[in-house]
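Reading through the structure tokens given below for one structure.
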Amino acid sequence: MTSISKVCILGGGTAGWMSAAALSNKFNNLDLEITLIESDEIGTIGVGEATLPHIRYFNQTLGINEPEFMKSTEATFKLGIQFCDWGRRGDHYIHPFGEYGQPIDELDFHQFWLRLNQSGRAPRLSDYSYPVLAAEKGRFRIPDEDITRIGSNFGYAYQFDASLYARFLRNHSELNGTKRIEGRVIDVELDGETGNVRSVTLESGARIEADLFVDCSGFRGLLIEQALQTGYDDWSQWLPCNRAIAVPCESRGELLPYTRATARTAGWQWRIPLQHRTGNGHVYWNEFVSDDEAAHQLMTSLEGPALAEPKQLFFKTGRRNKFWNRNVVAIGLSAGFLEPLESTSIHLIQEGITALVELFPTTEINPLDIAEYNTHMALNFERVRDFLLLHYVATQRDDSEMWRFFRSMELPQSLQEKIAAWSSRGYLLKYEFGVFLPPSWIAVMLGQNLLPEGYDPRVDRYADGDLVREMERVRLETEAAVRNTPTQSEFLTRYGATSDSRPLSASLT
């Protein structure tokens, strides 16, 4: 039986170095040779400046010191995402990384809110959310360890420079024995008998053999697609935005602990505040806006001078037909692409790496492991797709061709069932897999004015006066907890996570 002794990672962006860091850390007790090939001549996309809370567990597994990591990557804390103009023009809400209130007698808190809201006596559901109120006030602290206290029931993520994160993980990986080779791949050799990738050849003439290849080559999918012709499941019928323009600018104002996504006439615009600069981008559908107009909308809405020339990106939403094909595992953009509306790019990389670690072949590659991996990753991509699509279809906007398109769209059955269950009495169907938990779905559905017709009848067993008093107690405690929370800037300094560099200036670039 052949042992897996050589792994070759192709590509050194965020996906490549996250893969190298995880594999070299998890299997440093095995006789496993890990090689990463990248070329300084090939730029990286640098996806995922904004992340989800799961990234904390990835870093913790690697033994990464949080303040050191934040200083090195110009990171800020992130409590959620603010969505502007999605339900209606002028609307805004924050999708928080945390709960609304706390369950009462094991009944979901939002069900009590729905009852009060029907009689017109409920403030915003967000007023019962610690992470929403803290984000709105620009405040941050680590969640309380006492789970009975307000301020314990939330998570947090980071906003960071993805290129600096890749560099940070490169140091970590090389210390664990990963060998980096500089060079561009010009040829791929397949095994005539098995169809596996046998080796890649670089411009220098060097030939790199491996038992398992991890394709992190980006949209090209150099191994998974160009060599193995795996095929692509195109999801443009549901998520048709197909282009983006990205540009960093000088920071202005308070350092906010959240990402912002503002709906536009033919797409949406992101704003990601880092310690040294602000990341910006415009995702759009070229059917209804030209490249020049999309660039104009982005550049005229920056909060400060641009720090670089705008970078144009082209993409097709969807995923490979197989994430793991023969002896190649695709991770990152080579596996698929979903627009970064909910900061899922790095999370899907993390999911791919975690599943690979769990199913990692120490001897021959097992077809059952490949099937399990592909099923798991396909579900993860589909769950994210449904959640992203919810933002576009839970809307009252009809002021442009794009918004009218979404209002008449036929939805995937999985999303249609989820919306139908919610619309009757606020019930949320739970997925077997999927990164977004019920509070996330509640945030978007209520934030975009998708109110259920009823609520769980079990909340009617509570006397009206008792319910009003309990809800007000929770609201006041949440407000008080936020008042005792420092600003993010104060916390970064206190935590030792403030970057040593000065904010970037357009006059110096």
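Nothing here was measured: the structure is a model prediction, and the numbers come from that model.
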**Study point:** Pair Glu372-His376, side-chain hydrogen bond (donor to acceptor under 3.5 Å, both in side chains): steps then yes or no
**Key:** CA-CA 6 Å; Glu372 172 63 22; His376 177 82; 5.2 Å; no
Exercise for review: Dump the intermediate steps for side-chain contact (heavy atoms from CB on, under 4.5 Å) on Leu388 and Trp238, then the final yes or no.
Suggested key: CA-CA 10 Å; Leu388 299 185; Trp238 292 307; over 6 Å; no
Check your understanding: Passes salt bridge (Lys or Arg N to Asp or Glu O under 4.0 Å), Asp386 versus Lys418? Steps please.
Key -> CA-CA 9 Å; Asp386 285 1; Lys418 193 119 184 172; over 6 Å; no
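No close placement of the Tyr128 and Tyr100 rings is indicated, their centers lying 6.0 Å or farther apart. Here the two rings, on Trp441 and His110, have centers that are 6.0 Å apart or farther. Between Phe112 and Tyr455, the gap from one ring centroid to the other reaches at least 6.0 Å. Taking the six-membered ring for Trp, Tyr156 and Phe77 have ring centres closer than 6.0 Å. Ring pair Phe288/Phe405: centre-to-centre distance not below 6.0 Å.
The two residues Thr317 and Cys241 come nearest to each other via the heavy atoms CG2-O, 4.0 Å. Across all non-hydrogen atoms, the minimal contact from Pro412 to Leu389 is CD-CD2, 3.5 Å.
For Arg277, the side chain to side chain donor-acceptor pair (under 3.5 Å) test picks out Glu49, Asp161, with sequence neighbours left out. Residues that satisfy the salt bridge (charged side-chain N to carboxylate O under 4.0 Å, His left out) test with Asp233, not counting sequence neighbours, are absent from this structure. Under the salt bridge (charged side-chain N to carboxylate O under 4.0 Å, His left out) criterion, Arg320 pairs with Glu225, not counting sequence neighbours.
Here the straight-line distance linking atom CH2 of Trp86 with atom OH of Tyr392 works out to 4.5 Å at 0.5 Å rounding. Between the CG atom of Asp211 and the CD1 atom of Ile365 there is a distance of 8.0 Å, given to the nearest 0.5 Å. For the atom pair CD1 (Ile346) and OH (Tyr165), the distance works out to 6.5 Å, reported to the nearest 0.5 Å. A distance of 8.5 Å separates CZ in Phe323 from CG in Asn380, rounded to the nearest 0.5 Å. Note that CE of Met402 is 8.5 Å distant from CH2 of Trp285, once rounded to the nearest 0.5 Å. Distance CD/Glu339 to CG/Leu239: 5.5 Å, rounded to 0.5 Å.
Under the 3.5 Å distance criterion, with hydrogens and angles disregarded, a donor-acceptor pair is assigned to the side chains of Glu303 and Thr278. At a cut-off of 3.5 Å, with distance as the only test, no side-chain donor of Asp292 or Ser290 sits close to an acceptor on the other residue.
In this structure, Arg260 fails the cation-pi test against Trp270, since its NZ or CZ atom is not both closer than 6.0 Å to the six-membered ring centre and inside 45 degrees of the ring normal.
Under a 4.0 Å N-O distance rule, the pair Glu136/Arg124 qualifies as a salt bridge.
In this structure, Asp215 contributes its side chain and Ile224 its backbone to a donor-acceptor pair below 3.5 Å.
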